[in-house]
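Throughout, a chain's letter reflects where its sequence line sits, starting with A, and its residues are numbered from 1. FYI, side chains are in, hydrogens and waters are out, and symmetry mates aren't considered; it's all heavy atoms of this structure. What you see is a predicted model, and the numbers here were worked out from it, not measured in a lab.
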Amino acid sequence: MEIPKTYNPSAVEDKWYKYWLDNQFFKSTPDEREPYTIVIPPPNVTGVLHMGHMLNNTIQDVLIRRARMQGKNACWVPGTDHASIATEAKVVNLLKEKGIKKTDLTREEFLKYAFEWKEKYGGIILEQLKKLGASCDWDRTRFTMEEDMSEAVIDVFIDLFNKGQIYRGVRMVNWDPAGMTAVSDEEVIHKESNAKLFYVSYKLVNEDGSALADGDSITIATTRPETILGDTAVCVHPEDERYKHLKGKYAIIPFAARKVPIIFDDYIDMEFGTGALKVTPAHDINDYNLGVKHKLEVIDTIAANGTMSEAAGFYIGEDRFAVRKKIAKDLEEAGHIVKIEDIKNKVGYSERTDAVIEPKLSMQWFLKMDKISKPALDAVLNGEVKLIPDKFVNTYKHWMENVHDWCISRQLWWGQQIPAWYDDKGNFVVAKTHQDALVKYKTNYPDSTILSLKQDEDVVDTWFSSWLWPISVFDGFKDPENADIKYYYPTNDLVTAPEILFFWVARMIIAGYEYRGQKPFTNVYLTGIVRDKLGRKMSKSLGNSPDPLDLIAKNGADAVRMGMLLTSPAGNDLPFDESLIEQGRNFNNKIWNAFRLLKGFEVDENKAQPENNKLACTWFQSRFNQQLAVVNDLYSKYRMSEVLMTTYKLVWDDFCAWYLEMIKPDFVEGKAMPIDAKTYHQTIGYFGNLLKLLHPFMPFITEELWHLIEDRKDNNCIIVAQWPVEAIIDEEILDGFAHAFEVIQQIRNIRNQKGISPKEQLQLMIKTSAIDNSPLNAIIQKSANLSSIALVNDKPQAALNFMIGTVEYFVPMAQSIDIDAEKIKYQEELNYLKGFLESVNKKLSNEKFVANAKPEVIANERKKMEDAETKMKLIEEQLAALIN
RNA sequence: GGGAGAUUAGCUCAGCUGGUUCAGAGCAUCUGCCUUACAAGCAGAGGGUCACUGGUUCGAACCCAGUAUCUCCCA
């Protein structure tokens, strides 16, 4: 059968994925082996696979596959989260297209639509992960809104409420007028934008309303004139000379004609604007704080949907941004505008709907964070939970030490409904069911005759369910002593993006200690953000992200996986370029062709193993073991791209370029000689070991070749093959070959410079007294295509020379040798060595160096000196010979 | 405004506790090759004032201070 010259992944990948599934290689159940567990960061149920997922899940799959090969019981739990805001927005839009308004539906009807939507589209992203090769235990797939997981969320809410950790309160929240819900601080994206700064004059009056004698107005600066109608004070700095005389005076709000006090507070930045700030406690967090401090009236002039409310008194029902323009014009006409400046400021946008966030006072549920977060802070500081890279520890610490209470309610239907039950007077109890609530209510309010309570309309934040993920995927709430949770928890590694270090990772650690008394995972590997060439984050909205599935279809999953991991050190951004995938594809092809070579060998079972091949085998064995140790060490440090690069070079350079060339049989009269059986079988063994090292990165091609290179039984798959065991490294052999390779490279270099074809045989002479490198001479002879290697005492006539270490080599040349060029070469070398020797001598003659440096450092300097002197002597001899 | 991090070859990155002939890797580039596994390849080569300015030290890419630029987080 003819083996194609290039590797074709598309035929291979689906076949093996199905084979792995059919043989249940991804499946995990508790047993006596050591567990190795990863819970997936559940992708958003509305999501489709993007480059960030690719990176993230490839890393998880690499870790899982390696652990599996190490004989651990590897369990990767997949699933999705319900993403309240995003999903509800999707469903609302879908209904709108059908002509159905959300407000016309009951909660139950709406949820029915939402679940239908989830059933239809919610699993897409998981199917896409399969194309990538993700070896998740799909039987364990979970969803944050499924019944058991939701029950856990409600139980946790009730528990925390009973512990006094959850409270209800009025707070300034980030209101998303499009989503009609509060969002957390972390879900607000601040963007720089161009704005206008309006300078507006307010009339000043005395307490009794009479005009002031001197000057009659104060000018404030604001970017939000539409909030003027909610102003309840004007604030200036107590030290500000311009305004000191206004103590006890009042300002009149335009249009509203309200009389509000001039207050004094050193919060004010005297430099900004006019140094006078209009105070709108209902619509700005800082103003709100001022309002609390100075006991100001709060007038909420903007309604939930972003239009002016009744309380505004003017422009009622009109959108806030329309009103901004309108009121500016009206103020202008009324003579209140002093000037308008262009400025840049930061405006908050909702991560989910992209609407401009409106700070708004509203009644929300909060989780107190001060006490509950303490163990989670300690765990990271004392290294019980490791962040990789550890530079994130600082960020984590800073956040956890300044943590705000967590606003956990959302004004949505898609999510777990808050288990709080109200009577018509606003009294409430927290309970799991209506029945429980009534019982509790009777106890708390024995005088009430009420027969039914109304459940809170809101749901909890999605993170309030996903923070339980590492516990709830193993049913650790429903059945805290079950076999799964006891076996798999705490999990080992979590792989996620730094963006959600706080809203998810920190909170999972908190929940872990609160509910299991244990960390949820040991290592948190924080990936970078995948960016395009211009440094922009790859996102659907920018349209700068290639479709991962197209990339897979075009290049194969193995090539894409490799491309993703080639340049992605933990925590650093990954500037993605399709050429990286090309490199992955080329590498696949290289491996494929190594296989073709091996498969093409004719094996002679009776032929004895030649010395050359025996040596080559010994060398490769040691080289492999040496690099295996490096790889294992790099894995332990989670340096994935370095693992990959090390393996890449081991395969390409050491195995293909050196080893295979050494053992490749000669051609005699146009026909390849057979290879001896021993070398052949050893080589197949090495190739298998290399495939194992590659498997976590390139699962498909390695599985394919695993089966093509040898006949194996059905269950003998590389996915479950044993990871190679570290073995002895013969340093002497490695050094000897390193030296031999240098000699070969020098000879090839000479060929290149002199334009001598690789086919033309050359001679090599080695100056004796040098080390006896003879066992490797045969190898050098073959790889450099030499007719002979001879030992000589003196430099032969008409020969080029080079030095490796302190050994001199000569290559006789039929061609004339440019003596001047040779002289210059020697002279340059000599000059370099002179300078080098000088610097070494300077060190050694420095008393302080000799006194302070470590003994081995000094010994090293001495050796450097000696080596340099020997070399210089040799070069001087050669120079002298040339001149004669 | 506050905090964190970064700056090393054309690009993307390593460089541990300051000391090995210490300035490295991959890609890209250049030169020569379609040599019987692979041109998605082979052989070889050239690229750097380690952002800048000072300091500490016998010795600095590495430690310290300042400056510049960039990124991220928070307000």
Whole-Å distance, A:L526 CG to B:C73 P, equals 14 Å

Please measure how far the P atom in B:U36 lies from the corresponding atom in B:C42, and state the result in whole Å. 14 Å

By nearest-nucleotide position on RNA chain B, the 5'-leaning member of A:I744 and A:L660 is A:L660

Among B:G44, B:C27, B:C38, the one nearest any side-chain atom of A:Q583 is B:C27

**Asked** Under 4.0 angstrom, heavy atoms only, what part of the nucleic acid is A:E499 near: base, sugar-phosphate, or nothing?
**Response** nothing

Taking Watson-Crick and G-U wobble contacts under 3.5 angstrom, with | marking pairs to another strand and [ ] crossing pairs, the secondary structure of RNA chain B is written (((((((..((((.....[....)))).(((((.......))))).....(((((..]....)))))))))))).

- Query: A:F655 vs A:F687 aromatic rings, parallel, tilted or perpendicular, using cut-offs 30° and 60°?
  - Reply: parallel

Out of B:A37, B:G44, B:G41, minimum distance to the side chain of A:F667 belongs to B:A37

Give me the distance, rounded to whole Å, that separates B:G24 from B:G15 when you measure between the C1' atoms they each carry. 7 Å

Point to revise | Rounded distance in Å between the C1' positions of B:A51 and B:C62 | key: 15 Å

*Taking atom types as modelled, is there a side-chain donor on A:R585 or A:N588 under 3.5 Å from an acceptor on the other?*
no

* So what does A:E401 touch, heavy atoms closer than 4.0 Å: a base, only the sugar-phosphate, or nothing? -> nothing

Please work out whether the ring planes of A:Y7 and A:W592 are parallel, tilted or perpendicular, with thresholds of 30° and 60°. tilted

Next item on the list: For B:U53 versus B:C58, give the span between their C1' atoms, rounded off to a whole number of Å.
Entry: 23 Å

What contact category does A:R751 fall into here, base, sugar-phosphate, or nothing, at under 4.0 angstrom with non-hydrogen atoms? nothing

Tell me whether A:N801 contacts the main-chain N or O of A:Y809 through its side chain, where contact means a donor paired with an acceptor under 3.5 Å. no

Scan A:K590 against the nucleic acid and name what it touches under 4.0 Å (heavy atoms): base, sugar-phosphate only, or nothing.
base

- request: Please confirm whether the backbone N or O of A:I780 pairs with a side-chain atom of A:S783, one donor and one acceptor, at under 3.5 Å?
  value: no

For A:R585, report the nucleic acid contact type (base, sugar-phosphate, nothing); a contact means any heavy atom under 4.0 Å.
-> base

Ranking A:C656 and A:S579 by the position along RNA chain B of their nearest nucleotide, the one closer to 5' is A:S579

Quiz item: With no hydrogens and no angle check, is any side-chain donor or acceptor of A:K649 less than 3.5 Å from a backbone partner on A:L644?
Solution: no

Which part of the nucleic acid, if any, lies within reach of A:Q745 when heavy atoms closer than 4.0 Å are counted: base, sugar-phosphate only, or nothing?
-> sugar-phosphate

- Can you tell me how far P in B:C33 sits from the matching atom in B:C27, rounded to whole Å? 22 Å

To the nearest angstrom, the CG-P distance between A:L634 and B:A14 comes to 13 Å

Rounded to whole Å, CG of A:N586 lies from P of B:A40 at a distance of 8 Å

A:F587 ring center near A:Y648 ring center (under 6.0 Å): yes

Between OH of A:Y648 and P of B:C13 the distance, given in whole Å, is 18 Å

A:M645 CE to B:G15 P, in whole Å, measures 15 Å

Testing B:C38, B:C73, B:C58 for proximity to the side chain of A:F502, the answer is B:C73

A:D653 has its side chain closest, among B:A37, B:C58, B:G26, to B:G26

Given protein heavy atoms under 4.0 Å, the one-letter contact record of nucleotides 2-12 of chain B, with B base, S sugar-phosphate only and - none, is simply -SSS------S

Testing B:A25, B:G44, B:C38 for proximity to the side chain of A:N589, the answer is B:C38

Sticking with atom C1', work out how far B:G55 lies from B:A45, rounded to a whole angstrom.
41 Å

If you compare every side-chain N and O of A:W652 against the phosphate oxygens of B:C42 (OP1, OP2), does one of them come in below 4.0 Å? yes

(request) Classify the nucleic acid contact of A:K599 as base, sugar-phosphate or nothing, counting any heavy atom under 4.0 Å across all strands shown. (result) nothing

What nucleic acid atoms does A:F587 come within less than 4.0 Å of, heavy atoms only: base, sugar-phosphate, or nothing? nothing

A:Y686 ring center near A:Y659 ring center (under 6.0 Å) = yes

From CD1 of A:I747 across to P of B:G32 the rounded distance in Å is 23 Å

Looking only at B:G19, B:G41, B:A39, the nucleotide nearest the A:K5 side chain is B:A39

- Query: Are side-chain heavy atoms of A:D284 and A:L290 found at a separation under 4.5 Å?
  - Reply: no

Taken to the nearest whole Å, NZ/A:K671 to P/B:U36 is 16 Å

- Flag side-chain contact, heavy atom, 4.5 Å: A:R623 against A:L734: yes

Nearest-Å distance once atom C1' is located in both B:C22 and B:A60: 12 Å

### Message
Using a 4.0 Å heavy-atom cut-off, does A:N749 contact any base of the nucleic acid, only the sugar-phosphate backbone, or nothing at all?
### Response
sugar-phosphate

Using the P atom on both, measure B:G26 against B:G44 and round to a whole Å. 12 Å

Taken to the nearest whole Å, CD/A:E861 to P/B:G19 is 12 Å

